[in-house]
Amino acid sequence: MKYISFTDEPAINPDDFFMKEALKEAQKALALDEVPIGAVIVHGGRIIGRGHNLTEQLNDVTAHAEMQAFTAAANYTGGKYLKDCTLYVTIEPCVMCAGASYWTQISRIVYGARDDKRGFSQVSDRIIHPKTEVVGGVSSEEAARLMKDFFISKRDKS
């Protein structure tokens, strides 16, 4: 079957669409005065898990956006493996979150801005499961701007 487009609008790229959803999660973290990182997990074109940083709210250093999203997605699927799923996260995952992604066996990780200080790629790409595809740089400017503005505001308050 051939589809005919009735508009001149280009189709939206799924990576761009779902990264916007992750950015909405980052805004939720920002509203709570948390480091503004957000994540969503997608399976079959549907969001099955969402998360944003909650380390301050929960007084838990492991309450990163990705960890929240992994837990939500696992609860949704009823299992610990997230094969055929994609993690969209606004900032490159840290070593802890990358390690957790390994154990979930997630198929893809799409992140926005690189984290040159604490991102997993600063340590080793072997932290990610060998079958996991990694794509970086989606909406990177917007994600980086959120982080930069957050930390500037923290310094200004000091």
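When a residue number appears, it is its place in the shown sequence, counting from 1.
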Where at least one partner belongs to [range], residue pairs that pass side chain to side chain donor-acceptor pair (under 3.5 Å), sequence neighbours excluded:
range          : value
residues 30-41 : D33-K154, E34-T55
residues 58-67 : D60-T62
residues 77-86 : K83-Q105

Would you call [X] and [Y] a side-chain contact if the rule is heavy atoms closer than 4.5 Å?
X    : Y    : result
L23  : S139 : yes
M67  : M96  : yes
N53  : P36  : no
V42  : C85  : no
Y111 : L87  : no

Quick check: is [Y] connected to [X] through a chain of hydrophobic side chains (ILVMFWY, heavy atoms under 4.5 Å apart)?
X    : Y    : result
W103 : F120 : no
V40  : F17  : yes
V89  : M147 : yes
I91  : I128 : yes
L30  : L58  : no

State which residues pass side-chain contact (heavy atoms from CB on, under 4.5 Å) with [X]; sequence neighbours excluded, sorted by chain then number.
X    : answer
A69  : A39, I41
N13  : D15, D16
K24  : E21
V135 : R108, V110, E133, V138

Q. Do D116 and R114 meet the salt-bridge criterion of a basic N to acidic O distance under 4.0 Å?
A. yes
**Q.** Qualifying residues under side-chain hydrogen bond (donor to acceptor under 3.5 Å, both in side chains), relative to R118, sequence neighbours excluded
**A.** none
Q | Pairing residues for E142 by the side-chain hydrogen bond (donor to acceptor under 3.5 Å, both in side chains) criterion, not counting sequence neighbours | A |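 If we apply the side-chain hydrogen bond (donor to acceptor under 3.5 Å, both in side chains) test to E142, skipping adjacent residues, the hits are K20.
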Q) Who pairs with Y88 by ring-ring contact (aromatic ring centres under 6.0 Å, His included), at least two apart in sequence or on another chain? A) F18
Q) With sequence neighbours left out, what residues match Y102 under ring-ring contact (aromatic ring centres under 6.0 Å, His included)? A) H129
Q.
Under the ring-ring contact (aromatic ring centres under 6.0 Å, His included) definition, can you give me all pairs with a residue in residues 21-63, not counting sequence neighbours?
A. none
Q | Nearest atoms (heavy-atom pairs only) where A98 meets P93 | A |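 So the minimum-distance heavy-atom pair works out to N-CB, 4.1 Å.
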